[in-house]
Amino acid sequence: MHWADHTAQTLRDRGGSQVIASGITPSGEFHVGHLREILTAEMIHRACLDAGMDSRYIFIVDSMDPLRRIYDFLAPSYEQYIGHPLAYIPAPGPDGEPDPDGGSYAEHFLGPFLEALREIGVEPEVVMNHETYESGAFADKTHSAIEQRDEVRQVIEEVSGREVPEDWFPYNPLGSDGSLDGVRVTGYEHPHVHWVDSHGVEGTSDIRTGQGKLPWRIDWAARWGIHGITCEPAGKDHGAAGGSYDTGIPICEMLGSQPPHKMVYEWIQLKGMGPMSSSTGVTVGPMDALGLVPPEIMRYVIARGKVGRHIDFDTGPALFQTADEYERLVAEPPRGSDDDLSRRQQVARDTQLAALRLSQVERGSDPADSIAGVSFRHLAMLAQIKSNDDDVWDSLRRSSHLDGEPSDALTGRMRRMRNWVDGAHFPDAAKIVVQSSVGEEAHANLTEAHKEFLSALSKALADCEWTDAVIADCIRATIAEVGIGGRDAYVALYWAILGKHHGPKASSLMAEMEGEHLLSLISET
RNA sequence: GGGCCUGUAGCUUAGUCAGGUAGAGCGCCGGGCUUUUAACCCGGUGGCCGUGGGUUCGAAUCCCAUCAGGCCCGCCA
């Protein structure tokens with residue numbers, strides 16, 4: 001059984017309606033790991049829905065988290081905001097300086113993030129954590145945590161093996177300058193926390209407002225109860241023994257709620273093109289990745305793997321493999337009745353079908369629609385030899401891959417394909433490079449029969465209409481005339497034009513070439 | 001120091017929880033396709049299941065040890 005379906009079963013046994021959650025800090029750096037976080041949770045949510053269960057998927061934005069440091073894209077002036085919640089500081093402008101008209105820092109990065117998620121079919125209920133604080137929803141849990149301060153401390157020390165400082169307090173107030181750093185709690189009278197900040201200023205925070213927040217390990221445990229979260233997949237940093245998941249579970253119970261089903265996923269990494277991307281300086285953000293990779297393939301990468309298994313997401317040659325695999329699965333979904341299959345085959349069949357189902361951008365849609373009738377490889381070829389999209393659609397109509405106007409799925413695929421083909425990640429081996437002159441290797445591989453054919457072809461092409469179809473006819477006629485094997489004829493052409501023994505449809509390729517150059521190549525032999 | 005994940009064919013991997021003769025896809029090789037959408041079809045090659053022990057009638061699977069890679073234990077998924 002697929003992990004998402006299996007988790008849904010486990011949650012069903014827990015009973016009640018499900019709330020699946022993800023949480024991400026909008027510090028600005030949106031990376032592929034976030035995609036795994038989001039998709040793992042969202043697929044479980046879908047699996048619950050598919051199983052006929054009640055389920056919601058919420059995305060908690062850690063907007064109350066403070067700015068930790070000055071990232072590369074931030075101006076030094078952000079120094080003044082370190083320690084301030086991301087919801088309450090200004091977004092950076094294009095120059096990295098705080099932009100007074102740019103809205104909040106958290107919102108600024110959230111917008112494009114949500115847009116990217118929509119592209120891969122994820123539309124969560126968004127919860128801004130700072131609003132939850134402002135609404136007072138954290139107040140009861142906060143009070144409870146403060147009351148049980150020693151017990152909470154004990155859990156953290158025992159489970160994490162870490163020593164908690166003497167002046168530790170399970171609530172972190174905002175100081176007089178709006179920073180969470182360096183504020184020391186001096187007393188508590190429900191619902192007020194008294195403090196003195198790093199400037200020596202004394203003040204009071206009301207736990208029913210956004211005047212402070214819970215430390216991470218408690219915040220997480222508290223929100224599980226507040227939102228009724230039943231499952232929140234977490235990265236292995238949180239899932240490690242003694243990590244925040246392990247402290248969160250008992251703390252959640254101490255605060256009077258049932259903790260969610262623990263689930264820990266391994267990391268995903270973007271493996272750039274061939275050589276080490278660090279040395280070439282080529283890196284890929286997930287936004288870039290989504291600009292290259294069809295959304296259903298992105299989902300498939302997550303859906304086909306196991307949660308506990310490390311994923312190297314390769315935007316180089318392996319992308320062809322992944323796309324091939326996906327397309328094969330769509331074209332020939334595993335079939336067979338239980339009677340005909342071994343137990344193992346049944347499991348493989350069900351897992352693959354589920355992976356395919358969960359890879360669809362739109363839940364419940366036909367996987368065949370995602371491919372839009374054209375293979376990824378074929379599109380890669382067309383994107384290289386046809387510079388104009390309309391010519392691509394024409395070509396597809398002639399080859400009866402397309403009827404009428406291209407679908408959104410197809411134009412989307414084409415847009416991303418062009419990004420890929422034109423970018424640094426596209427594998428050299430897949431590049432169609434027309435030779436400037438016939439190379440040595442090509443010469444060595446051409447037989448007399450080959451040369452005879454090419455010579456005849458160059459004459460035939462000399463005054464032929466320069467379209468795909470006419471060129472194709474011309475090639476066929478020449479093959480018949482010379483009496484060469486069809487395979488051999490094309491091999492000769494590919495050697496002369498590309499310096500390889502195979503290639504994309506020859507006539508399409510030739511029609512895109514300049515006639516004179518083509519003739520010089522094939523007559524050169 | 002403590003902990004987690006992974007190691008099966010050239011590559012990607014299924015099978016490990018409930019032990020019973022190692023499955024698949026890709027690649028590769030051969031053949032076919034009256035003749036190229038890097039296609040398609042058929043056949044074939046290929047694995048002391050990281051290593052060493054143990055338990056067992058029987059171990060990829062359970063136990064112990066060990067090696068290798070990745071990672072966490074600083075609020076980076």
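Sequence lines set the chain letters: A, B, ... in the order given, protein chains first and strands last, and positions in each chain run from 1. Note that the structure is predicted; figures quoted are calculated from it, not measured.
Look at Arg309(A) and you'll find a side-chain N or O under 4.0 angstrom from OP1 or OP2 of G7(B). The shortest distance between the side-chain N/O atoms of Lys306(A) and the OP1/OP2 oxygens of C5(B) is not below 4.0 Å.
Taken from CG in Leu11(A) to CD1 in Ile44(A), the straight-line distance is 7.0 Å, to the nearest 0.5 Å. If you take CG on Leu509(A) and CG on Leu382(A), they are separated by 11.0 Å, rounding to the nearest 0.5 Å. Note that the CE atom of Met513(A) and the CG atom of Leu518(A) stand 4.5 Å from one another [nearest 0.5 Å]. Atom CG of residue Asp246(A) and atom CD1 of residue Ile251(A) lie 10.5 Å apart, to the nearest 0.5 angstrom.
Nucleic acid contact class of Arg328(A) (heavy atoms, under 4.0 Å, all strands): sugar-phosphate only. Residue Ile38(A) is out of contact with every strand shown, counting any heavy-atom pair closer than 4.0 Å. At a threshold of 4.0 angstrom between heavy atoms, the contacts of Arg217(A) with the nucleic acid are absent. Base contact: Ile432(A) has a heavy atom under 4.0 Å from a base atom. In this structure, Ala489(A) reaches neither bases nor backbone, as no heavy-atom distance under 4.0 Å exists between it and the strands shown.
When the nearest nucleotides of RNA chain B are assigned to Gly308(A) and Glu37(A) by heavy-atom distance, the more 5′-ward of the two goes with Gly308(A). Heavy-atom nearest nucleotides on RNA chain B were determined for Gln384(A) and for Pro66(A), and the one closer to the 5' end corresponds to Gln384(A).
Here A77(B) presents its P atom at 18 Å from NZ of Lys262(A), a figure rounded to the nearest Å. At whole-Å resolution of the value, CZ in Phe320(A) and C1' in G25(B) are 18 Å apart. Following rounding to the nearest Å, Ile479(A) (CD1) and U35(B) (C1') show an atom-to-atom distance of 6 Å. As a whole-Å value, the separation of His6(A) NE2 from C17(B) C1' is 9 Å. When the P atom of A14(B) is taken as reference, atom NE2 of His2(A) falls 12 Å away, rounded to whole Å. For Arg68(A) and A77(B), the CZ to P distance is 12 Å, given to the nearest whole Å. Separating the CG atom of Leu329(A) from the P atom of C26(B) is a distance of 12 Å, rounded to the nearest angstrom. Rounded to an integer number of Å, the gap from Asp312(A) CG to C5(B) P is 19 Å.
Sorted by residue number, the members of residues 491-498 of chain A with any non-hydrogen atom under 4.0 Å from RNA chain B read Val491(A), Tyr494(A).
If you take atom P in U16(B) and the same atom in A68(B), they sit 28 Å apart, rounded to whole Å. Annotation: A22(B) and A60(B) have their P atoms spaced 8 Å apart (nearest Å). Using P as the reference atom, G2(B) and A65(B) are 12 Å apart when rounded to the nearest Å. On the C1' atoms, G19(B) is 15 Å away from G54(B), given to the nearest whole Å.
Under the 3.5 Å distance criterion, the side-chain polar atoms of Ser179(A) are matched with a main-chain donor or acceptor of Asp181(A).
Distance from the side chain of Tyr490(A) is smallest to U36(B) among U36(B), A77(B), A38(B). For Lys213(A), counting side-chain heavy atoms from C-beta on, the closest listed nucleotide (C26(B), C75(B), A77(B)) is C75(B). You'll find that the side chain of Ile268(A) is closest to A77(B), out of U35(B), A77(B), A14(B).
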May I have the step-by-step check of side-chain contact (heavy atoms from CB on, under 4.5 Å) for Arg304(A) and Thr322(A), ending in yes or no? CA-CA 10 Å; Arg304(A) 72 169 166 179; Thr322(A) 308; 3.7 Å; yes
Carefully, step by step, assess Phe426(A) and Gln384(A) under the rule side-chain contact (heavy atoms from CB on, under 4.5 Å). CA-CA 11 Å; Phe426(A) 193 70; Gln384(A) 291 184 80; 3.5 Å; yes
Would you check, one step at a time, whether the test side-chain contact (heavy atoms from CB on, under 4.5 Å) holds for Arg223(A) with Asp62(A)? CA-CA 11 Å; Arg223(A) 74 167 73 156; Asp62(A) 286 313; 2.5 Å; yes
Evaluate the salt bridge (Lys or Arg N to Asp or Glu O under 4.0 Å) criterion for residues Arg46(A) and Glu42(A): first the C-alpha distance (whole Å), next the side-chain angles of each, then the deciding distance (0.1 Å), finally the verdict. CA-CA 6 Å; Arg46(A) 285 197 187 189; Glu42(A) 198 259 358; 2.8 Å; yes
Do any N or O atoms of the protein come closer than 3.5 Å to N or O atoms of nucleotides 68-72 of chain B, and which pairs are they?
from	atom 1	to	atom 2	distance (Å)
G70(B)	N2	Lys236(A)	NZ	3.2
C71(B)	O2'	Lys236(A)	NZ	3.0
C71(B)	O2'	Trp267(A)	NE1	2.7

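Ring centroids of Tyr265(A) and Trp3(A) are separated by 6.0 Å or more, keeping the two rings apart.
Side-chain atoms of Tyr245(A) and Glu232(A) form no donor-acceptor pair, as typed in the model, at a separation below 3.5 Å.
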Given Watson-Crick and G-U pairs under 3.5 Å, RNA chain B in dot-bracket ([ ] crossing, | other strand) is (((((((..((((......[..)))).(((((.......))))).....(((((..]....))))))))))))....
